Amino acid sequence: MREIKEGRGSPHGGVFLDIAWIKEKIADAAAHIQRKLPSMYHQFKQLADIDITQEPMEVGPTTHYAMGGIRVDADTQMSNVPGLFAAGECAAGINGANRLGGNSLSDIIVFGKRAGEFAAKYVKEHGAGQVNNDQIDEAVRRSLEPFERGATKGGGAEGPYQVQAELQEMMQDLVGIVRTEDEMQRALDGLGKLWERTRKVAVYGHREYNPGWHTAIDLHNLMTVSEAITRSAIERKESRGAHFREDYENKDAAFGKVNTVVSKAADGSMQVRREPIPVMPEHLKQVIEEMK
Amino acid sequence: MNTATFSIFRGDSNGGKFEDYTTEVSEGMVVLDAVHGIQSAQANDLACRWNCKAGKCGSCSAEINGMPKLMCMTRLNSLPLDKPVTIEPIKAFPHVRDLVTDVSWNFAAKMKIKKFKPRPPDAPDGSWRMAQGDIDRVQEYRKCIECFLCQDVCHVLREHNKHDEFIGPRLLVYTAALEMHPLDTEDRLQDLKNAHGIGYCNITKCCTKVCPEDITITDNAIIPLKERVVDEFYDPLKRLLRLLRPKPKPENDHV
């Protein structure tokens, strides 16, 4: 990313990745590449007319995985909302600062099963909870609001897609691969302005399979997650795993002992605090010892 | 920047019509990019299903200029842009809205196919031994991304609506993967002949032509299954032998 920022990127703002060099090392290299990377070979050939067995490909970084997420109990996968369970990428936990290839699949299989089992157990023990009809009415009102803001095809109020696109671009530019305090503070200012627009987006059409409406609802979640990522990244003044700070290039042992926790304050704002990482239970320590 | 016009089907189960949208196009774009551009700027409520944008999830199936294709893998430079590009939903399943159809029949039909039933493990540790040559054959069937373009183009489903009697090319590929798996011991030939209606396929090979994963559906999956069904139920010599020997040994080894 820094190479690209300094003007040494490829024509489309990426870098070149060359795997064709392997033909100097092994016989039948083209067949080897096609066998090892069949999808990548097929996609580059079909979408860009590039034969990756012969020529370099242009690549650029994108979002890979959210290492943070909903805070859950490590055994039951229950969040701090009783009866609400989360597993997989939306849950924070097992991947630490960088998820490695293949670990997401094992995560969802193991912790998805556990979440399901504990959810079933929870329901058996607690029965159906009390439903607060006022809260439901409020949620319905809020989700239908975008229809009432006077949007029409080709006019009226702003739609959700422009806000989403600008959010995407800003987060990629200012809270992307290489991060600095200054840029992330600018992102917070930008998020403030985008929050204003998010609360005003308008949609048209009806409620059946309406992607504009879905995006208007999702936008609140995208904004919340973007703000939590930005505030947490500012708080973590070190580089660790996928979090790289140009102004703090090294790991800091003190940060290695804490998690960053984001919660909603009484006034609705986001509060960021550090909490010590939970102590590993004895039986898990033993497993790690045995693996060594 | 150049522009192009896309004639997109808008409507739901009560009917609909094509509407024209003109949008900017640039080098390297695929049909799905254009649809997204139109959706974000001109038609926020345009319904289309998509996910990976890389030809691997099988969600964005549509009919582009009348041909069943994945929108994410169809480059604009492969289409004539001097006239409107038509985009409409696939036809073999119930229409929901705009470019979205309800493909859930495929999953229900799949549930009726007998599951993988491996022979007992070869080794005490619960593992099996297979020859690479035996497993290579089924790899082709497993490339399927379940885009259901083959189902869409199959006239048995599309024109004759035989959804209750015929499982269609996708699910015949799935059955072939199970039947030809070196560890499988299940017998699906009776089902193929009756419940799954393999006889309806008259090998026009339309399914093979539209497969975005280049699976040779007709030649490598359907025809071998047809041959097994014929061997089992229509071989005159076998019939004669059966008459002479009323209780033949059940034949399970089809490999």
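Per chain, numbering begins at 1; letters A, B, ... match sequence-line order. Values in this document were obtained by computation on a predicted structure and should not be read as measured data.
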Heavy atoms from other residues, nucleotides or ligands near NZ of A:K193 exceed 12 (cutoff 6.0 Å): no
More than 12 heavy atoms from other groups under 6.0 Å of NZ on B:K209: no
NZ of B:K115: more than 12 outside heavy atoms within 6.0 angstrom? yes
Could you tell me whether a side-chain N or O of A:Q46 sits under 3.5 Å from a main-chain N or O of B:G55, the two making a donor and an acceptor? no
In a table with atom names and distances, give each donor-acceptor pair under 3.5 Å that connects a side chain of residues 213-222 of chain B to protein atoms at least two apart or in another chain.
unit_1, atom_1, unit_2, atom_2, d
B:E213, OE2, B:K56, NZ, 2.8
B:T216, OG1, B:E140, OE2, 3.1
B:T218, OG1, B:T208, OG1, 2.8
B:D219, OD1, B:K205, NZ, 2.9
B:D219, OD2, B:K205, NZ, 3.4
B:N220, ND2, B:E140, OE1, 2.7

Give me the contact list for residues 165-174 of chain A versus chain B, heavy atoms only, anything under 4.5 Å, ordered by residue number. none
Quick check on B:E27 against chain A: is it the side chain, the backbone, both or neither that has a heavy atom closer than 4.5 Å? side chain
Nearest 0.5 Å, please: how far is CZ in B:R75 from CG in A:L47? 7.0 Å
Excluding sequence neighbours, so at least two apart, what forms salt bridge (charged side-chain N to carboxylate O under 4.0 Å, His left out) with A:E196? A:R199
At a heavy-atom separation under 4.5 Å, does B:V30 approach chain A through its side chain, its backbone, both, or neither? side chain
Honestly, the part of A:Q164 sitting under 4.5 Å from a heavy atom of chain B is neither
Quick one: CG on B:D45 to OG1 on A:T215, what's the gap to the nearest 0.5 Å? 11.0 Å
Can a donor-acceptor pair be found, under 3.5 Å and without considering hydrogens, that links the side chain of A:Y204 to the backbone of B:N44? yes
Residues of residues 207-214 of chain A near chain B, each having a heavy atom less than 4.5 Å away: A:E208, A:Y209, A:N210, A:P211, A:G212
Kindly check if the number of other-residue, nucleotide or ligand heavy atoms within 6.0 Å of CE (A:M67) is above 12? yes
Begin with the C-alpha distance, continue with both residues' side-chain angles, and end with the deciding distance and a verdict on side chain to side chain contact (heavy atoms under 4.5 Å, CB included) for A:H42 and B:M73. CA-CA 10 Å; A:H42 174 236; B:M73 295 301 278; 4.1 Å; yes
May I ask you to check whether over 12 heavy atoms, not counting those of B:K110, lie within 6.0 Å of atom NZ? yes
When rounded to the nearest 0.5 angstrom, what is the spacing between SG in B:C72 and CD in A:Q43? 8.5 Å
I'd like to know whether NZ of B:K83 has more than 12 heavy-atom contacts from other residues, nucleotides or ligands below 6.0 angstrom. no
